[in-house]
Each structure stands twice: as structure tokens, then as C-alpha cells.
Amino acid sequence: MALRGVTVRNRIWMPPMDTYSAVARDGKPTPFHYQHYVSRAMGGFGLIICEATAVAPEGRISPCDTGLWNEDQVEAWRWIVEGMKEAGAVPAVQLNHAGRKGSTGCFGVGFSGGSVPFEEGGWQTVAPSPIAYGHYAMPRELSVEDIHRIVGEFRDAAGRAVRAGFQAIEIHAAHGYLISQFLDPLSNERTDEYGGDLAGRMRFLVEIVDAVRSVIPEDMPLLVRISATDWAAGGWDLDQTVDVAKVVREHGVDLVDVSTGGIVPNVTIPVKPGYQVPFSTQVRDRADVPVTAVGLITKPKQAAKIVAKGEADAVEIGRAALRDPYWPLRAAYKLGLSTADAPYQPQYVRGAY
């Protein structure tokens, strides 16, 4: 699959999944991250999107998130990125600002499911409007100057991603983090140019897309991840997603990574195998943009059918990839590919299925 100047060896991709394992709380990935990502590259994944990587310290989801807000982090990422390339995968990184869902607990910090207190390393969160996410701490409303600064932080982080060797960048506009907080009318009550109608609520995302596109190579793919619905009445929905996808496509986005949910709490989501695929298909068909599908896609034949029927251009294997780093090699066997045609590393051919 070709995106701009990058060719991905197959349509089995690994989505960004937080590992909360920057244990020094300095945003730098560790040998764990090398093992985590390079093993999936050796396992045959075509494109690997590294976990939500903060553009600023206060943009982290948890104190143990990775980052790209300084040059030390660039150096820490570089050997991991090179390892993925050497194994044949395309390394991508997801740039994120958590907004009101930042400063939350994780297994290495405690306070799971809640906000981390200031005295334990937490920080003041921010949002388009002073509306808390569930029982999380109340965020501070961003000023227009703050918004412009954060746009610049995305731009600068994208430049660092290029210097680290990443071959694609994804902007995280899904799952209730800062950009999707701006998109959703249930979390954005602003009356200035960054609120109100859809054009106002999408302005922050469009400015970030333009800023990132301005500093990355012309042949580097730019992806946006978006939640197609927040599953709540009066909130974000598929029609708005399609409209945004059309706009960002015109601003240089090459693929939309379609997910759902995470924007507002206490909603009912009808989870079942492939439950998000119809949203991907609608975005693909109505916005005329390549898409990926994600969400309980676990079986090779299920994944192959999604691509073959044109429901998505690539499939993302998430939780199943956590269980099995070599999922693509097993899929190749299940789907009848010969060992020679499957993405085996030469050291592992003797152990082929």
C-alpha cells in the first residue's frame, strides 16, 4: 500500500496503544519500547503507529507517557525507529495532547481511573471549556494564546519525529483527548473562533494539520485518528466526522484512522467483533479518503474480508497484537501464503508455520 512516498509491505497495521512505560517520567522511551515495537516489526506488521506521544509535558495522559517535546527524546526514539525499519516495518508516531484527560493514573503511578494529585506528580489540565471528564480534575479553559502555543507544540514535535527517523505521523484527534474535546459540542462551549459551529470547532485541528504539514517532508504521509461518534445524543457523530475528513484531506491528510468513543463518559457502546468497521466504510466512501478500521478485529479471515470488500484500506490489529507479536505471520499461514511470500525474518524461517 502506497501513501505519498512510502510503501507499506502489507495492510496489517498496529494501532497506537499506550504502554505507560516511560518509567523515569521524562517522556523518553526505554528498552521496553524497543522490545515492544521491534518484535511486532519482526512479526510482520506493515505499519506500526507508536503510542500516544505527548507534544508537551502537560499533554501527557499519564506521567509515564512518551514524548517528543525535547531533543533527548529524539535520541531515545531513534534506535527504536531504526530497529523497526530494519525489520521491514514502516514506523509512525501518534502525536497527542491529552487536555482534560491528562494527569491520570496508571499501573506505574497508581491512582488508576482518576487524576494524579499535584504532590504525586500531577499537573493542571486544560480544555476548550472548563468541563471535567467524569470525576477527573477540573481543567483550565485555554486562552486563544494558549491554543496558538499548542499548535506550535504539535509543529515542533512533528519536526522532532522527522529527526528521529519516523516515516509517517498521525495526529490524535480521537478518544476524548484535546483535539476531540474541541470537535465535540458536548465538551466545547466556546463562543470565540474555536467554538460554535463545526467550522469553529474544527479550526484547532485544521491549524494543527497545516502546522505539521509545513515542517514534514512532502513525501511523508500524514494521518489523523478520529472518533466517528461519541455515542451520545447531541454530541459528535458520523456526519460531522465525514465533513471534517473532507476538510483535512484538502489540507494534506493522506489517511483517516477511524475509531469511536472516549470523548464523553457514561455512554453505552455496542461492542462486538468489527463494530467500528461500518464507520470506517462510511468515511471512506463519503469523504473519498483512505481509511483504516479497528475494533475487535482478531481473526485473519475477518481482517482479509474487510480489505477485500473495500470496507477499509488497511486493518489495525490492537489487543490481539499485544497477545501475539507475530499475528501477521500466523495470518499469512491461515490465508495460504507460502513461507517465501510471508514477512519472515531470515533467522525465523526454520520455525515457519
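Below, all heavy atoms of this structure are taken into account, side chains as well, without hydrogens, waters or symmetry copies.
- Here Ser227 pairs with Ala174, His175, Ile263 under the side chain to side chain contact (heavy atoms under 4.5 Å, CB included) rule; sequence neighbours left out.
- Electrostatic pairing of Arg225 and Glu316 counts as a salt bridge here, judged by a charged N lying under 4.0 Å from a carboxylate O.
- Side-chain contact between Val244 and Leu198 is present, with at least one heavy-atom pair separated by less than 4.5 Å.
- Note that CD of Glu51 and CD1 of Ile61 are 9.0 Å apart. Values are rounded to the nearest 0.5 Å.
- One hydrophobic cluster, built from ILVMFWY side chains closer than 4.5 Å, cannot hold both Leu223 and Tyr177; they sit in different ones.
- Residues Glu58 and His97 meet the side-chain proximity criterion, which asks for heavy atoms closer than 4.5 Å.
- One hydrophobic cluster, built from ILVMFWY side chains closer than 4.5 Å, cannot hold both Ile317 and Met1; they sit in different ones.
- Of the residues Leu205, Asp257, Asn96, Val55, the one that meets the side-chain contact (heavy atoms from CB on, under 4.5 Å) test with Ile171 is Leu205.
- Taking NZ of Lys28 as the start and CG of Leu68 as the end, the distance is 12.5 Å to the nearest 0.5 Å.
- Contact annotation: the side chain of Trp77 never approaches that of Arg160 to less than 4.5 Å [non-hydrogen atoms, C-beta and beyond].
- The backbone N or O of Asn70 sits less than 3.5 Å from a side-chain atom of Gln73, completing a donor-acceptor pair.
- A continuous path of Ile, Leu, Val, Met, Phe, Trp and Tyr side chains, each step under 4.5 Å between heavy atoms, connects Val256 with Phe182, placing both in one hydrophobic cluster.
- For the atom pair Met42 CE and Gln345 CD, the distance stands at 5.0 Å (nearest 0.5 Å).
- Annotation: side chain of Phe166 is in contact with side chain of Cys50 (closest heavy-atom distance under 4.5 Å).
- When hydrophobic clusters are built by joining Ile, Leu, Val, Met, Phe, Trp and Tyr residues whose side-chain heavy atoms come closer than 4.5 Å, directly or via intermediates, Tyr34 is not grouped with Val23.
- For Pro217, the side chain to side chain contact (heavy atoms under 4.5 Å, CB included) partners two or more places apart in sequence, or in a different chain, are Val162, Asp219, Met220.
- Using a distance-only test at 3.5 Å, with no hydrogens or angles considered, no donor-acceptor pair links the side chain of Arg11 to the main chain of Val307.
- Under the 4.5 Å side-chain heavy-atom criterion for ILVMFWY residues, a single connected hydrophobic cluster contains both Leu322 and Phe45.
- From Ile216, atom CD1 reaches atom CZ of Arg155 across 13.5 Å, with rounding to the nearest 0.5 Å.
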Test side chain to side chain contact (heavy atoms under 4.5 Å, CB included) applied to Ser21 and Phe107, step by step: CA-CA 9 Å; Ser21 296; Phe107 67 87; 3.9 Å; yes
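- Annotation: ring pair (Phe, Tyr, Trp, His ring centres under 6.0 Å) contacts of Trp69 (sequence neighbours excluded): none.
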Side chain to side chain contact (heavy atoms under 4.5 Å, CB included) for Tyr326 and Tyr344? Distances and angles first, verdict last. CA-CA 10 Å; Tyr326 301 96; Tyr344 279 96; over 6 Å; no
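- Between Pro16 and Ala52, the shortest heavy-atom contact is CB-N, 4.3 Å.
- Within the 4.5 Å cutoff, no side-chain heavy atoms of Leu183 are placed close to those of Asn188.
- For Arg149 and Glu145, the salt-bridge test fails: no basic side-chain N is under 4.0 Å from an acidic carboxylate O.
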Give the C-alpha distance, both sets of side-chain angles, the deciding distance and a yes or no for side-chain hydrogen bond (donor to acceptor under 3.5 Å, both in side chains) between Gln240 and Asp243. CA-CA 5 Å; Gln240 294 175 89; Asp243 289 342; over 6 Å; no
Quick one: do Leu222 and Ile169 satisfy side chain to side chain contact (heavy atoms under 4.5 Å, CB included)? Show the steps, please. CA-CA 5 Å; Leu222 179 59; Ile169 290 175; 4.1 Å; yes
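- Shown here are the side chain to side chain contact (heavy atoms under 4.5 Å, CB included) partners of Val144, two or more places apart in sequence or in another chain: His148, Arg190, Asp192, Glu193, Tyr194.
- Aromatic ring centres of Trp231 and Phe279: separated by under 6.0 Å.
- Arg213 has a carboxylate O that lies under 4.0 Å from a charged side-chain N of Asp254, or vice versa, which qualifies the two as a salt bridge.
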Assess whether side chain to side chain contact (heavy atoms under 4.5 Å, CB included) is satisfied between Ile297 and Val277, documenting all intermediate values. CA-CA 9 Å; Ile297 301 170; Val277 174; 4.2 Å; yes
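- Going from atom CD of Glu207 over to atom CZ of Phe154 covers 12.5 Å, rounded to the nearest 0.5 Å.
- The ring pair (Phe, Tyr, Trp, His ring centres under 6.0 Å) check on Trp13 picks up nothing, with sequence neighbours excluded.
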Criterion side-chain hydrogen bond (donor to acceptor under 3.5 Å, both in side chains) on Thr53 and Thr66, from CA distance to verdict: CA-CA 5 Å; Thr53 296; Thr66 58; 3.0 Å; yes
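- For the pair Ile48 and Ala41, the tightest heavy-atom approach, listed with the atom from each and the gap, is CD1-N, 3.5 Å.
- The main-chain N or O of His36 is found under 3.5 Å from a side-chain atom of Arg40 such that the two form a donor-acceptor pair.
- Between Arg201 and Trp236, the shortest heavy-atom contact is NH1-CZ3, 3.8 Å.
- For the pair Arg330 (side chain) and Trp327 (backbone), a donor-acceptor distance under 3.5 Å is absent.
- Residue pairs that meet the salt bridge (charged side-chain N to carboxylate O under 4.0 Å, His left out) test with at least one member in residues 163-177, sequence neighbours left out, are Glu71-Arg163.
- The minimum heavy-atom distance between Gln282 and Val242, with the atom names listed, is O-CG2, 4.4 Å.
- Side-chain contact between Pro343 and Leu329 is present, with at least one heavy-atom pair separated by less than 4.5 Å.
- Around NZ of Lys85, the count of heavy atoms belonging to other residues, nucleotides or ligands within 6.0 Å exceeds 12.
- Contact check for Val116 versus Ser103: side-chain heavy atoms found under the 4.5 Å cut-off.
- Across all their heavy atoms, Arg25 and Glu120 have their closest contact at NH1-O, 3.1 Å.
- Between the side chain of Ser115 and the main chain of Ala137, a donor-acceptor pair closer than 3.5 Å is present.
- No side-chain donor-acceptor contact under 3.5 Å links Arg284 to the backbone of Glu311.
- At least one donor-acceptor pair under 3.5 Å links the side chain of Asn10 to the backbone N or O of Gly44.
- With hydrogens and angles disregarded, a donor-acceptor distance shorter than 3.5 Å links the side chain of Ser143 to the backbone of Asp146.
- Thr7 places no side-chain N or O within 3.5 Å of a backbone atom of Ala2 that could act as its donor or acceptor partner.
- A donor-acceptor contact shorter than 3.5 Å is absent between the side chain of Asp18 and the backbone of Asp65.
- Going from atom CD1 of Ile179 over to atom CD1 of Ile226 covers 9.5 Å, rounded to the nearest 0.5 Å.
- Residues Thr104 and Phe111 are not in side-chain contact: their nearest non-hydrogen atoms beyond the backbone lie 4.5 Å or more apart.
- A 6.0 Å sphere centred on OH of Tyr275 holds more than 12 heavy atoms belonging to other residues, nucleotides or ligands.
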